[in-house]
Number of protein chains: 2
Amino acid sequence: MVDLKNKLSENGLKITPQRLIILEAIYSIDHPTADDIIKYIRKKHSNIATGTVYKVLEKFVEKGLIKKITTDKDVIRFDGIMTPHHHLYSIDSDVIKDYEDEKLDNILKEYFSNRELPGFDIEEITIQIKGRFNN
Amino acid sequence: MVDLKNKLSENGLKITPQRLIILEAIYSIDHPTADDIIKYIRKKHSNIATGTVYKVLEKFVEKGLIKKITTDKDVIRFDGIMTPHHHLYSIDSDVIKDYEDEKLDNILKEYFSNRELPGFDIEEITIQIKGRFNN
DNA sequence: TTCTTAAGTGAGAATTATTCTTATTTAGAC
DNA sequence: GTCTAAATAAGAATAATTCTCACTTAAGAA
C-alpha cells in the first residue's frame, strides 16, 4: 500500500481529498480513462466535478506521478506505473496489458547508445505490441 | 506518383472523387488528422462532408491502405506509409516524424522469434521514441 | 490557533472530435 | 441505359475534454 499523501507532498502538490481519491482510483483500475476514474469515485459515494478530474490528471502527468498511454482510440488512458514497461494492445478490444522485459530494455538501450538520431534527443522509448489475447 | 485509382480498385473499393482526394490528402500531408484532411480538401475548392471523411478513413484502415497513429492527444492521426516504420514524437509539440530502421527491425524480429508471450499472438511491433527535436 | 491567500474545486456551459441518421446521389455490374 | 448496393451530404447527436468564474480550502505565516 503506497502512502498516497506522501506521494502528493513529495511532488509539491497540496493534499486534497479529490487528489487522494483520484490517485487511489489510478492504482485500483487498470489503465483507466478519466471517465473510469469518475465512475470509481462516484461509486464510492463521493462526488467530484469532471473538470477537477481532468485538471488533476493533467497535473499528475506534469509532475511525473502518472503517464498518459497512447491508444488509437480517441480516449486518453492513464498509467500509474512509472517503472519502465511496455504495453500489449488487443486488436479486437480495448484491453491493454503491461509488458515488462528488462532484457529487451537492455538490448534497446545498447542499440540506441551507439546510434545517434540526428536532430533528436531521445527521452524515452516504449514499445507497442499489437496482437490478440488467446488465453 | 502513385496511381490513386488503382490503389482503390486493387482493394475492392469503388472509385469516387471523395476517396481520391482523401487519398491525395493523406499522401500530401504528414500524419494528418481527419480535420487536416478536411481543410486540405476545402482549400482545393471542393467541399466534402465531415462524416464522409471519417467513414472513408475508417474504410481505408479496414482495407489496409492506411494506419492509425497513436498519440497521447485526443485526436487520431493517419499514416499512408505502410512499410514497417516507427515514429519519433516531440515532447514539446505535435510533430511526429517517421523513423525507419531495418537493423532495429531485425533485432526485434530475432528477439521475439525466440520469445513467446504466453496468451498473446503478436501481430505488429512498433516503437515510439519520445524526445526533443533540436535541429 | 487564527489569518491570509494562492491554489484547488464545483457546476455547468462551451468546444472539439467523432459518430449517427436519413434522404439523396452515384459507381459500376448487367 | 437500367438497376441496386454502396457512397455521400447535411446536419443533428454524442462523447471527451476544456473553459469560466464564483466559491472553498490547504497550508504557511503570524
Side-chain angles (χ1 to χ4, degrees), chain A residues 4-26 29 31-42 44-63 65-66 68-78 94, chain B residues 4-26 29 31-42 44-63 65-66 68-78 94:
Chain A
L4 301 179
K5 290 191 184 180
N6 259 356
K7 200 116 198 159
L8 291 175
S9 46
E10 270 170 16
N11 289 281
L13 293 169
K14 281 191 186 171
I15 296 166
T16 70
Q18 291 83 350
R19 287 178 173 174
L20 287 171
I21 199 164
I22 290 172
L23 258 193
E24 182 193 311
I26 292 167
I29 313 169
H31 307 117
T33 63
D35 196 54
D36 293 335
I37 292 168
I38 291 167
K39 283 188 184 128
Y40 175 94
I41 294 171
R42 300 228 165 115
K44 289 235 163 179
H45 318 303
S46 4
N47 192 25
I48 194 164
T50 67
T52 301
V53 172
Y54 281 98
K55 230 189 276 179
V56 168
L57 288 170
E58 193 184 337
K59 183 127 278 182
F60 283 177
V61 170
E62 178 196 323
K63 295 286 185 177
L65 276 76
I66 63 174
K68 287 189 181 182
I69 302 187
T70 66
T71 75
D72 39 358
K73 305 286 150 46
D74 61 331
V75 226
I76 299 169
R77 292 183 175 273
F78 296 89
D94 283 354
Chain B
L4 301 179
K5 290 191 184 180
N6 257 357
K7 198 118 198 155
L8 291 174
S9 47
E10 271 170 14
N11 288 282
L13 293 169
K14 282 190 185 172
I15 296 166
T16 70
Q18 292 83 349
R19 286 178 174 175
L20 287 171
I21 199 164
I22 290 172
L23 257 193
E24 181 193 312
I26 291 166
I29 313 170
H31 308 117
T33 63
D35 195 55
D36 293 336
I37 293 168
I38 291 167
K39 283 189 182 127
Y40 175 96
I41 294 171
R42 301 229 165 114
K44 290 235 163 178
H45 320 301
S46 6
N47 191 25
I48 194 163
T50 66
T52 302
V53 173
Y54 281 98
K55 229 189 277 181
V56 168
L57 288 170
E58 193 184 337
K59 183 128 275 182
F60 284 178
V61 169
E62 178 195 322
K63 295 287 185 177
L65 277 77
I66 63 174
K68 287 190 181 182
I69 302 188
T70 66
T71 75
D72 34 353
K73 302 286 150 46
D74 60 331
V75 227
I76 298 168
R77 293 182 174 275
F78 296 90
D94 283 354

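Every chain is numbered from 1, with letters handed out A, B, ... down the list of sequences.
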**Q** Between C1' on D:dT8 and CD1 on B:Ile22, what's the gap in Å once rounded to a whole number?
**A**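 Atom-to-atom, B:Ile22 to D:dT8, this comes out as 10 Å.
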**Q** Tell me: CG of B:Leu57 to C1' of D:dA7, nearest whole Å?
**A**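 Taking CG of B:Leu57 and C1' of D:dA7, I get 14 Å after rounding.
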**Q** Answer yes or no: are there more than 12 heavy-atom neighbours, outside A:Glu58 itself, under 6.0 Å from its atom CD?
**A**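 It does not: A:Glu58 CD has 12 such atoms or fewer within range.
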**Q** Are any side-chain N or O atoms of A:Arg77 and backbone N or O atoms of A:His31, one a donor and one an acceptor, separated by less than 3.5 Å?
**A**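 Confirmed, A:Arg77 side chain pairs with A:His31 backbone.
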**Q** Find the distance B:Asn47:CG to D:dA7:C1' and express it as a whole number of Å.
**A**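 Atom CG in B:Asn47 sits about 16 Å away from atom C1' in D:dA7.
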**Q** Give the rounded distance in Å between these two atoms: CD of B:Glu62 and P of C:dT19.
**A**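 Interatomic distance, CD of B:Glu62 to P of C:dT19: 13 Å.
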**Q** Within this structure, what is the NZ-to-C1' distance between B:Lys73 and C:dT18, rounded to whole angstrom?
**A**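 After rounding, the gap between these two atoms is 19 Å.
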**Q** Write down the distance between CG (A:Asp36) and P (D:dA15), rounded to a whole number of angstrom.
**A**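 So the two atoms are 15 Å apart, to the nearest Å.
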**Q** Keeping B:Ser46 on the side-chain end and B:Arg42 on the backbone end, is there a donor-acceptor pair under 3.5 Å?
**A**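 Side chain of B:Ser46 to backbone of B:Arg42: no pair is present.
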**Q** To the nearest Å, how far apart are A:Ile38 CD1 and C:dT9 P?
**A**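 A:Ile38 atom CD1 is separated from C:dT9 atom P by 14 Å.
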**Q** Just verifying a value: how many Å separate B:Thr16 OG1 and B:Gln18 CD, rounded to the nearest 0.5 Å?
**A**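 It is 4.5 Å, given to the nearest 0.5 Å.
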**Q** Would you mind reading off the distance between A:Leu8 atom CG and C:dG8 atom P, rounded to a whole angstrom?
**A**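 So the CG-P distance, A:Leu8 to C:dG8, works out to 11 Å.
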**Q** Is B:Gln18 close enough to D:dA9 that one of its side-chain N or O atoms is under 4.0 Å from OP1 or OP2 there?
**A**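 Looking at the OP1 and OP2 atoms of D:dA9, one of them is under 4.0 Å from a side-chain N or O of B:Gln18.
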**Q** Can you tell me how far CG of A:Leu13 sits from CZ of A:Phe60, rounded to the nearest 0.5 angstrom?
**A**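 Rounded to the nearest 0.5 Å, the CZ-CG separation comes out at 6.5 Å.
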**Q** Taking A:Arg19 for the side chain and A:Lys14 for the main chain, is one N or O donor matched with an acceptor at less than 3.5 Å?
**A**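 Yes, A:Arg19 side chain to A:Lys14 backbone: donor-acceptor pair under 3.5 Å.
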**Q** Any chance you could list the contact pattern along nucleotides 16-30 of chain D? Use B for base contacts, S for sugar-phosphate-only contacts and - for none, protein heavy atoms under 4.0 Å, 5' to 3'.
**A** SBBB------BS---
